[in-house]
Amino acid sequence: MIEERIYITQRGQKYTQRPYADLSAAERRQILEDYIDLGIKRTCEKWNILDRTLHQLKYHLRPLLEEIEDKRFEEHGL
């Protein structure tokens, strides 16, 4: 039997999905890259995060997201 891990946020809420604070800097970057490639739903499922967490990442790491988007546009000649 597989036991689900319970995460507790800074506000004391319990979730089975990973909170923002549990993600490392490298994971945050990879999540944003996956978001561009896969979209919201598939990224959230892959990383076991709430869509709210993904929106927090997009807001707080906006310069990084823009950098990733610019890199992808360059790769595709746009």
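Predicted model only: the values in this text are computed from it and were never measured.
- Heavy-atom neighbours of Glu75 CD from other residues, nucleotides or ligands within 6.0 Å: above the threshold of 12.
- Here the side chains of Tyr15 and Leu50 are in contact, with some heavy-atom distance below 4.5 Å.
- Other residues, nucleotides and ligands place no more than 12 heavy atoms under 6.0 Å from the CZ atom of Arg42.
- Among pairs with a residue in residues 29-55, none fulfils ring pair (Phe, Tyr, Trp, His ring centres under 6.0 Å), at least two apart in sequence or across chains.
- Interatomic distance, CD of Glu33 versus CG of Leu38, reported as 11.0 Å (0.5 Å rounding).
- With a 4.5 Å cut-off on side-chain heavy atoms, Gln13 and Ile8 do not count as touching.
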Show the numbers, then the answer: is there a side-chain contact (heavy atoms from CB on, under 4.5 Å) between Arg18 and Leu23? CA-CA 8 Å; Arg18 297 173 68 190; Leu23 303 170; 3.5 Å; yes

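- Ile36 and Leu32 fall within a single hydrophobic cluster, where Ile, Leu, Val, Met, Phe, Trp and Tyr are joined by side-chain heavy atoms under 4.5 Å apart, directly or via other members.
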Carefully, step by step, assess Tyr20 and Arg28 under the rule side-chain contact (heavy atoms from CB on, under 4.5 Å). CA-CA 9 Å; Tyr20 183 88; Arg28 291 174 185 185; 3.6 Å; yes

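- Residues Thr16 and Tyr7 fail the side-chain proximity criterion, which asks for heavy atoms closer than 4.5 Å.
- Considering CG of Leu57 and CD1 of Ile49, their distance stands at 6.0 Å, rounded to 0.5 Å.
- Evaluation of the salt bridge (charged side-chain N to carboxylate O under 4.0 Å, His left out) rule for Lys46 yields Asp34 as partners, not counting sequence neighbours.
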If you look only at distance, which donor and acceptor atoms sit under 3.5 Å apart when one is on a side chain in residues 60-70 and the other is two or more places apart or in another chain?
none

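- What you find for Asp51 and Cys44 is that their closest heavy atoms are CA-SG, 3.6 Å.
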